[in-house]
There are 2 protein chains.
Amino acid sequence: MKTIRDVAKNAGVSPATVSRVLNNKGYVSEEKKKRIEKVIQEMGFEPNQVARGLAKKTSNTLALIVSDITNPFFPELAKGAEYIARSHGYSLLLGNTKGVDNESNDYIKILMNKYIDGVIIATHDIDSQLLEKHRETPMVILEMENEIENACTIKVDNIQGSVTATEHLISVGCKKIAHIYGPLYDQTAKERLKGYQEVIRAHDEYKELTVPGDFTIDGGISAVRELLDEHPDIDGLFAGNDLMAVGVIKELSRLKIRVPEDIAVCGFDGIYLTKVFSPEITTIEQPIYEMGELAAEKLIDRIKNPHLNSEHIELKTKLVIRQSSNRNKLSL
Amino acid sequence: MKTIRDVAKNAGVSPATVSRVLNNKGYVSEEKKKRIEKVIQEMGFEPNQVARGLAKKTSNTLALIVSDITNPFFPELAKGAEYIARSHGYSLLLGNTKGVDNESNDYIKILMNKYIDGVIIATHDIDSQLLEKHRETPMVILEMENEIENACTIKVDNIQGSVTATEHLISVGCKKIAHIYGPLYDQTAKERLKGYQEVIRAHDEYKELTVPGDFTIDGGISAVRELLDEHPDIDGLFAGNDLMAVGVIKELSRLKIRVPEDIAVCGFDGIYLTKVFSPEITTIEQPIYEMGELAAEKLIDRIKNPHLNSEHIELKTKLVIRQSSNRNKLSL
DNA sequence: CTGAAAGCGCTTACAG
DNA sequence: CTGAAAGCGCTTACAG
């Protein structure tokens with residue numbers, strides 16, 4: 001490996017001067033600057049990031065902590081974040097918290113010892129005390145309004161999205177609309193439930209029909225069974241997330257209940273699967289890839305300017321109508 | 001941050017001695033060792049990985065280069081690799097090559113400058129000259145038999161898998177079996193095509209019916225259209241990968257062609273989607289998660305012992321029969 | 001504008 | 001068995 005000394009020697013200057021042009025910092029005469037840049041070019045010199053890291057307490061790497069990269073929501077997020085990170089000269093470290101025996105506690109410690117410059121947290125199973133403890137680390141937190149100081153929070157307007165979903169089912173002619181909500185310790189689940197309730201309560205002719213789910217496909221399957229036991233006559237179903245919507249539709253198809261003719265279904269999230277599934281699934285789309293990009297951008301802002309205040313960003317969702325609720329030809 | 005000096009001071013020894021117990025290397029008297037360990041405990045000292053990295057030319061991090069983490073094959077792989085990496089004290093860096101303007105060239109350079117200890121390559125769009133150039137770096141390469149010296153290669157027996165798939169369709173009563181193959185610069189695509197051909201050629205009553213695809217869902221859709229134009233009477237379809245199988249089934253359902261009654265379909269890969277899709281898709285399952293684990297294990301072996309020879313590992317596939325080919329009740 | 005020197009926090013021959 | 005010293009490759013006051 002070539003070092004900054006080699007460059008200095010070849011250019012007839014000191015390492016300090018080379019460092020100055022590398023970092024574009026401090027004064028260097030135009031002439032030497034040109035010369036040094038030329039030598040760097042010729043030698044194909046690349047500064048050693050580890051040495052630089054040690055000197056600057058920096059690593060030029062970001063971490064993305066997700067609960068489970070296997071959940072289709074996260075790859076898209078990761079892709080957006082990795083893209084931006086790389087464009088700015090950062091690398092992206094990936095961490096899965098799910099199924100980790102050692103507490104995720106260790107996780108952040110590891111990151112600290114590596115001088116990770118900042119972390120994007122996209123999992124709910126993280127101890128907020130822990131986050132509190134690492135308040136000096138630049139962070140952006142996804143889908144979780146948190147009271148962490150100094151952090152940036154990015155989420156979607158779940159209530160609005162869920163209002164839109166419910167109203168959509170009404171507009172499509174559904175008379176008995178049920179909702180499968182996610183685990184209530186999850187803030188998004190709570191908000192989505194709330195949006196559904198708001199709409200239903202605003203309409204006298206509709207009744208609240210809710211049943212709990214766990215945000216998984218299997219959870220969707222059991223929830224819809226439970227629902228049909230009690231209310232075999234529902235004709236609209238708003239699932240708290242897309243994964244459950246998939247489970248719902250699978251189970252309905254097994255039961256020979258037609259979607260959307262007998263029951264119209266709408267999910268939430270806008271994961272890839274909804275586009276791909278058959279029937280294609282109506283959903284409230286979050287800008288997942290963009291959230292990944294935005295998270296990385298905001299994180300990098302915070303790294304460059306550590307004194308930024310807390311910031312809470314709320315993004316818009318978008319109703320995407322697909323086959324699973326497309327009853328246009330049926331509604332009166 | 002506490003440093004090794006602080007520990008040394010508190011334990012009344014030199015930093016060198018602390019380092020020896022930290023690395024479990026060189027002689028340290030039992031008594032001092034105990035004492036030092038106690039102090040480390042009490043102080044909650046954790047060695048700074050960057051400083052260690054600089055001294056040892058090591059980073060305790062692995063990189064996983066995929067073409068597109070959004071392709072459902074990769075998250076599963078990544079999860080397995082990350083799990084093993086972490087268990088051994090390594091972190092996992094993620095890189096997507098797809099849609100990268102700067103050549104993936106840069107990618108490896110970056111890794112080198114960070115003292116990345118080893119890399120798992122799970123993409124085909126990587127320059128083999130480039131790999132050649134970095135022959136000193138421990139590498140494991142997935143799904144691509146490569147002539148890189150010193151590397152470990154992990155793949156699946158595609159030919160055998162594809163023989164199994166084709167024979168399965170025969171056993172289920174199909175008389176006209178077509179195959180959609182992937183892009184032939186991709187070794188897996190070539191091998192899978194070959195397996196299909198072997199079986200068909202061994203049976204006089206069957207005819208080879210193939211059409212090219214591109215390993216994407218949309219590719220599956222167009223391929224099946226093309227196929228049906230020319231051969232409307234096919235009753236079995238082996239898609240070169242699961243993503244194309246999904247496209248095929250979507251399109252067939254749109255055309256009101258029943259799966260498996262009219263056409264039985266089998267994919268290849270065993271991605272999560274096949275279990276989730278409706279109808280569930282018969283596939284030749286690769287042990288994806290395990291391949292991720294194995295890749296990380298082998299890589300770590302190579303890091304610890306840089307003089308290991310090339311190694312080519314071939315894993316078995318498994319036929320998983322699901323609804324899309326389940327004609328048991330129909331076959332004579 | 002530029003260089004010598006000290007420092008980032010650890011590791012590792014080397015001498016004892 | 002142990003410590004002082006040099007080194008990993010860069011950065012950054014400091015003095016000039």
Side-chain angles (χ1 to χ4, degrees), chain A residues 1-37 39-40 43-61 89 109-117 303-304, chain B residues 1-37 39-40 43-61 89 109-117 136 304:
Chain A
M1 277 282 89
K2 299 126 190 165
T3 73
I4 206 177
R5 295 190 88 83
D6 301 327
V7 175
K9 203 168 299 172
N10 286 354
V13 298
S14 77
T17 307
V18 177
S19 176
R20 280 188 200 100
V21 349
L22 245 23
N23 292 283
N24 222 301
K25 189 176 185 176
Y27 298 86
V28 181
S29 70
E30 265 311 304
E31 180 240 328
K32 291 206 171 163
K33 188 171 173 191
K34 286 255 150 56
R35 181 145 40 108
I36 291 171
E37 277 166 350
V39 173
I40 289 177
M43 300 180 61
F45 166 78
E46 303 267 341
N48 178 320
Q49 296 298 329
V50 177
R52 177 178 281 192
L54 183 58
K56 297 174 76 163
K57 294 184 187 303
T58 261
S59 67
N60 273 295
T61 114
K109 243 193 221 155
I110 291 171
L111 303 182
M112 297 303 95
N113 297 326
K114 292 197 168 175
Y115 287 153
I116 298 300
D117 300 322
I303 290 167
K304 300 205 163 141
Chain B
M1 276 282 88
K2 299 127 190 166
T3 74
I4 205 176
R5 294 190 87 84
D6 301 328
V7 175
K9 202 168 298 172
N10 285 354
V13 298
S14 77
T17 306
V18 177
S19 175
R20 281 190 199 97
V21 347
L22 245 25
N23 292 284
N24 222 302
K25 188 175 184 175
Y27 299 85
V28 182
S29 70
E30 266 312 304
E31 182 239 327
K32 292 205 172 166
K33 188 170 173 190
K34 286 256 151 56
R35 182 143 43 105
I36 292 170
E37 277 166 348
V39 173
I40 289 177
M43 300 179 62
F45 166 78
E46 304 265 341
N48 177 320
Q49 296 298 328
V50 178
R52 177 179 282 193
L54 183 58
K56 297 175 76 162
K57 295 183 186 305
T58 262
S59 67
N60 273 295
T61 114
K109 243 193 219 156
I110 290 171
L111 302 182
M112 298 302 96
N113 296 326
K114 291 198 168 173
Y115 287 154
I116 296 301
D117 300 322
E136 346 65 75
K304 299 207 165 141

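Residue numbers begin at 1 in each chain, while the letters A, B, ... track the order of the sequences.
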**Message:** In this structure, how many angstroms lie between the P atom of D:dC1 and the CZ atom of B:R20, rounded?
**Reply:** 11 Å
**Asked** B:K114 side chain to A:N60 main-chain N or O, any donor-acceptor pair under 3.5 Å?
**Response** yes
**Complete:** Per the 3.5 Å Watson-Crick/G-U criterion and a run length of at least three, the stems involving DNA chain C are C:1-3 with D:14-16, C:5-12 with D:5-12, C:14-16 with D:1-3
**Asked** Which whole-number value in Å describes the distance from A:K57 NZ to D:dT11 C1'?
**Response** 12 Å
**Request:** In whole angstrom, give the distance that lies between atom CG of B:N24 and atom C1' of C:dT12.
**Result:** 16 Å
**Heavy-atom pair of closest approach, residues A:S59 and A:I116** = OG-CA, 3.4 Å
**Fill in**
Per atom distances to the A:A16 side chain, the nearest of D:dT12, C:dT11, C:dC8 is D:dT12
**Prompt:** Which atom pair, heavy atoms only, marks the closest approach of B:V7 to B:F45?
**Reply:** CG2-CG, 3.6 Å
**Minimum-distance nucleotide (side-chain atoms of B:S14 versus D:dT11, C:dC10, D:dG3)** = D:dG3
**Request:** State whether A:T17 places a side-chain N or O below 4.0 Å from either non-bridging phosphate oxygen (OP1 or OP2) of C:dG3.
**Result:** yes
**Item:** Spatial distance of atom CD (B:E37) from atom NZ (B:K33) [nearest 0.5 Å]
**Value:** 5.5 Å
**Request:** For DNA chain C, determine which residues of residues 26-35 of chain B have any heavy atom closer than 4.0 angstrom to one of its atoms, and list them numerically.
**Result:** none
**Asked** Hey, what do you get for CG (B:L54) to CD (B:Q49), rounding to the nearest 0.5 Å?
**Response** 13.0 Å
**Item:** Side-chain N,O (A:K2) to OP1/OP2 (D:dG9) below 4.0 Å
**Value:** no
**Asked** To the nearest angstrom, how far is B:I36 atom CD1 from C:dT11 atom P?
**Response** 13 Å
**Message:** How close do A:V18 and A:V13 get, counting heavy atoms only, and between which atoms?
**Reply:** CG2-CG2, 3.8 Å
**Fill in**
Taken to the nearest whole Å, NZ/B:K25 to P/D:dT2 is 17 Å
**Prompt:** So what does A:T3 touch, heavy atoms closer than 4.0 Å: a base, only the sugar-phosphate, or nothing?
**Reply:** sugar-phosphate
**Request:** Please state how far atom CE in A:M112 lies from atom C1' in C:dG9, giving the value in whole angstrom units.
**Result:** 17 Å
**Spatial distance of atom NZ (A:K9) from atom OG (A:S14) [nearest 0.5 Å]** = 13.0 Å
**Message:** Please check: side-chain N/O of A:R20 versus main-chain N/O of A:G26, any donor-acceptor pairing under 3.5 Å?
**Reply:** no
**Fill in**
OG1 of B:T61 to CG of B:L111, rounded to nearest 0.5 Å, is 8.0 Å
**Message:** Without decimals, in angstroms, what is the distance between A:N23 CG and D:dG9 P?
**Reply:** 17 Å
**Gap separating the CG atom of A:N48 from the OH atom of B:Y115, nearest 0.5 angstrom** = 4.0 Å
**Request:** Under 4.0 Å from any atom of DNA chain C, heavy atoms only: list the residues of residues 44-56 of chain A that qualify, in numerical order.
**Result:** A:L54, A:A55
**Asked** In whole angstroms, how far is the C1' atom of D:dT11 from the CZ atom of A:R5?
**Response** 13 Å
**Prompt:** Do the side chain of A:K2 and the main chain of A:M43 share a donor and acceptor less than 3.5 angstrom apart?
**Reply:** yes
**Fill in**
dist B:N10:CG -> B:I40:CD1 (nearest 0.5 Å) comes out at 11.0 Å
